[in-house]
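Input: a single structure, listed below in structure tokens.
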Amino acid sequence: MTVAEIACELRFDRTTVYRWVRLGNGPNSFLSPGGHIRIYRSDFIEWARTNGFQERRN
């Protein structure tokens, strides 16, 4: 997942997600070969549940 996708899921600004990742408070992340932050969906779901975020319902 991209930072933008995480931000959309949680309804937060992308800068908030970047801050979480930078401070080590966000879900586990890695850099793609192009240097972009990526997060596995399974890591995001586990992190979101652990931190009390509800799944988004459409």
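When reading the values below, keep in mind they use all heavy atoms of this one structure, side chains included, and skip hydrogens, waters and symmetry mates.
- Across Phe30 and Ile39, no two heavy atoms sit closer than the pair CE2-N, 4.2 Å.
- Taken from CD in Glu46 to OH in Tyr40, the straight-line distance is 14.5 Å, to the nearest 0.5 Å.
- For Asp13 (side chain) and Thr15 (main-chain N/O), a donor-acceptor pair under 3.5 Å exists by modelled atom type.
- Contact detail for Val21 and Ser29: the closest heavy-atom pair is CG1-OG, 3.4 Å.
- Atom CZ of Arg41 is separated from atom CD of Glu9 by 5.0 Å, given to the nearest 0.5 angstrom.
- Closest non-hydrogen pair, Asn25 versus Trp47, comes out as O-NE1, 2.9 Å.
- Atom CZ of Phe44 and atom CD of Glu5 lie 10.0 Å apart (nearest 0.5 Å).
- Side-chain atoms of Thr16 never come within 3.5 Å of backbone atoms of Phe12 as a donor-acceptor pair (strictly under, hydrogens ignored).
- Across every non-hydrogen atom of Arg38 and Thr2, the tightest pair is NH1-CG2, 3.5 Å.
- Each of Ile45, Asp43, Ile37, Ile6 was evaluated against Met1; a single residue qualifies, Ile6, per the side-chain contact (heavy atoms from CB on, under 4.5 Å) test.
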